[in-house]
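Since the structure is predicted, the reported quantities are computational estimates derived from the model, not experimental observations.
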Amino acid sequence: MKILHTADWHIGKKLHKHYLYEDFDLFINWLIKLITEQEIEAVLISGDVFDLANPSAEARKQYYRALLQLRKTNCQLIITGGNHDSPSMLDAPKEILNELNVTVIGGMPSKIEECLIPLQNKKGENELIVAALPFLRDSDLRSIDEEVVYENRIEAIRNGIEATFTKAAKTSKDLYPELPVLAMGHLYAAGIESSDSERDIQIGNQAAFQASQFGTEFSYVALGHIHKPQRVNAQIPTFYSGSPLPLSFSERKDEKRLLLIDTENGFEPESIAIPSFRKLIRISGSITEIQQKLFSLESQGSLTNLIEVELKEENYDANLIAQLDDLVTNFEQANFEIVKHRATFKNQLRESGKLFESHQHLEDLKPQEVFQKLLAQHSYAEEVKEKVNIAFQELLEEVNHN
């Protein structure tokens, strides 16, 4: 049996005011082709289907449209909720989706048996059990009435996650003793590498789950939540598939992928690279270096490439900020767009209130004195300082006159 492991679709994601709807459509089109060519029989989506708990109408349309497209491939879909998802919103159409061979478990059900999904092979025989565990919230892990202080809350969460996976493994073996079990989870595992776009879960990720706590009963653990594809150091094959699309500029160098498990060859997955539909580019340096890099860019992907620009200089200079603004405003190159720019200076300009001795107060100083202190922090040539001084005097006189 061939199974695809994916996660963190984040439908409705907006990156610097750019919605990634086009990117997701291209991904689904590519995925449909892959499923057909590889004769995939099941697709697992390990949480964070949507980017927001209350997704927009457009995001919901895209979700249902993708499910209908995937349904035409005749593969079985199993979807679990993540920390970004609303359990009730995902679960609402589950009866209808069941008729389309789509199983959705948005929130943890009251009975663990409801998480155990048999996968059937082409002969209609049960070949594998999927323990489809969604993101486990505090209410799933401990009694609401239990008095848990902060000192033991982290340990209580870890123990709760472990107990849930252990119960899923034991129940699977009791009900389906002859079948291998594959677990789905949405959590933060210890020792992994995260990016800027994941939302902290369970006390700011402090309740990191130790991979050894998965035990040895599962044949594979398909994880979601971390967007960077990686293997977790566990006794059994345990992987984050990562997000199919780069969701922040910190992910711009990640090689996005899906994981293909062919049970005839065991449970070590094959990594399948997802094509890049647009590039996220970060450019930094002096104003001259930025200009050179911007105008030497070569178009990549079928969508507009997005750029972040950071000016880095030793000394603060308002002229450089103005030049950067002009450069960004006037930048026009096909298939490229600057979505963010900023300037940083090693010798950062201090606030005017910090330029004087502690016994001095701004209200006791003359405007010219404050201005001279601020001007001294700039690396202007003497003739420029003189012109700036004259301009300040003219403005000051006009203010005083009015």
Hey, what do you get for [atom1] ([X]) to [atom2] ([Y]), rounding to the nearest 0.5 Å?
X: I287; Y: I321; atom1: CD1; atom2: CD1; result: 10.0 Å
X: Q69; Y: L67; atom1: CD; atom2: CG; result: 9.5 Å
X: D8; Y: H84; atom1: CG; atom2: NE2; result: 8.0 Å
X: L77; Y: L100; atom1: CG; atom2: CG; result: 10.0 Å
X: I79; Y: I45; atom1: CD1; atom2: CD1; result: 4.0 Å
X: C75; Y: I40; atom1: SG; atom2: CD1; result: 8.0 Å

Next item on the list: For the residue pair S286 and T288, confirm or rule out a side-chain donor-acceptor distance under 3.5 Å.
Entry: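 On atom types as modelled, these side chains do not qualify, holding no pair under 3.5 Å.
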Checklist line | H341 versus D325, side-chain donor and acceptor atoms under 3.5 Å | finding: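 There is such a pair (donor and acceptor under 3.5 Å, judged by atom type) between the side chains of D325 and H341.
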Does a side-chain heavy-atom distance below 4.5 Å link [X] with [Y]?
X: E162; Y: Q210; answer: no
X: H5; Y: L182; answer: no
X: L280; Y: L15; answer: yes
X: L297; Y: I307; answer: yes
X: Q76; Y: N101; answer: yes
X: V232; Y: V221; answer: no
X: E217; Y: V181; answer: no
X: T6; Y: L44; answer: no

Expected output: side-chain [X] to main-chain [Y] donor-acceptor under 3.5 Å:
X: Q230; Y: K228; value: yes
X: R60; Y: P55; value: yes
X: N305; Y: N335; value: yes
X: T171; Y: A168; value: no
X: T263; Y: M1; value: yes
X: S46; Y: A222; value: yes
X: D85; Y: D48; value: yes
X: D140; Y: R137; value: yes

Item checked: Salt bridge present between K2 and E41 (N-O < 4.0 angstrom) ->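 A salt bridge is absent here (no side-chain N lies under 4.0 Å from a carboxylate O).
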Note to self: For K256 and E251: C-alpha separation, side-chain torsions, deciding distance, then whether salt bridge (charged side-chain N to carboxylate O under 4.0 Å, His left out) applies.
What the structure shows: CA-CA 9 Å; K256 298 300 181 180; E251 299 173 36; 2.8 Å; yes
Next item on the list: Any chance you could lay out the salt bridge (charged side-chain N to carboxylate O under 4.0 Å, His left out) test for E308 and R252, step after step, and finish with the verdict?
Entry: CA-CA 11 Å; E308 282 188 347; R252 67 191 184 280; over 6 Å; no
Next item on the list: Report the C-alpha distance between N98 and T103 in whole Å, list the side-chain angles of each, state the deciding distance to 0.1 Å, and finish with yes or no for side-chain contact (heavy atoms from CB on, under 4.5 Å).
Entry: CA-CA 6 Å; N98 281 340; T103 302; 4.2 Å; yes
Check: side-chain contact (heavy atoms from CB on, under 4.5 Å) between V130 and I3: does it pass, once the steps are laid out?
Finding: CA-CA 11 Å; V130 176; I3 304 165; 5.9 Å; no
Check: Only one of Y63, W9, F50, Y19 forms a ring pair (Phe, Tyr, Trp, His ring centres under 6.0 Å) with F24, so which one is it?
Finding: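 Only match with F24 under ring pair (Phe, Tyr, Trp, His ring centres under 6.0 Å): W9.
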Can you list the residues that meet the side chain to side chain contact (heavy atoms under 4.5 Å, CB included) rule with [X], with sequence neighbours excluded?
X: S276; value: K279
X: E95; value: none
X: R231; value: P237, F239, E268

Next item on the list: Check step by step if side-chain contact (heavy atoms from CB on, under 4.5 Å) holds for R278 and L306.
Entry: CA-CA 8 Å; R278 77 164 92 227; L306 307 181; 4.1 Å; yes
Next item on the list: Would you list the pairs meeting ring pair (Phe, Tyr, Trp, His ring centres under 6.0 Å) in which at least one residue belongs to residues 251-283, sequence neighbours left out?
Entry: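 Residue pairs with at least one partner in residues 251-283: there are none.
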Notebook entry, point to check: Tell me, which pairs form a ring pair (Phe, Tyr, Trp, His ring centres under 6.0 Å) where one or both residues lie in residues 243-262, sequence neighbours left out?
Noted result: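 As it turns out, the ring pair (Phe, Tyr, Trp, His ring centres under 6.0 Å) pairs with a partner in residues 243-262, which skip direct neighbours, are H16-F249.
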Checklist line | side chain to side chain donor-acceptor pair (under 3.5 Å) against T73, all qualifying residues, sequence neighbours excluded | finding: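 If we apply the side chain to side chain donor-acceptor pair (under 3.5 Å) test to T73, skipping adjacent residues, there are no hits.
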Checklist line | Verdict with supporting geometry, I78 and L119, side-chain contact (heavy atoms from CB on, under 4.5 Å) | finding: CA-CA 10 Å; I78 301 179; L119 290 183; 3.8 Å; yes
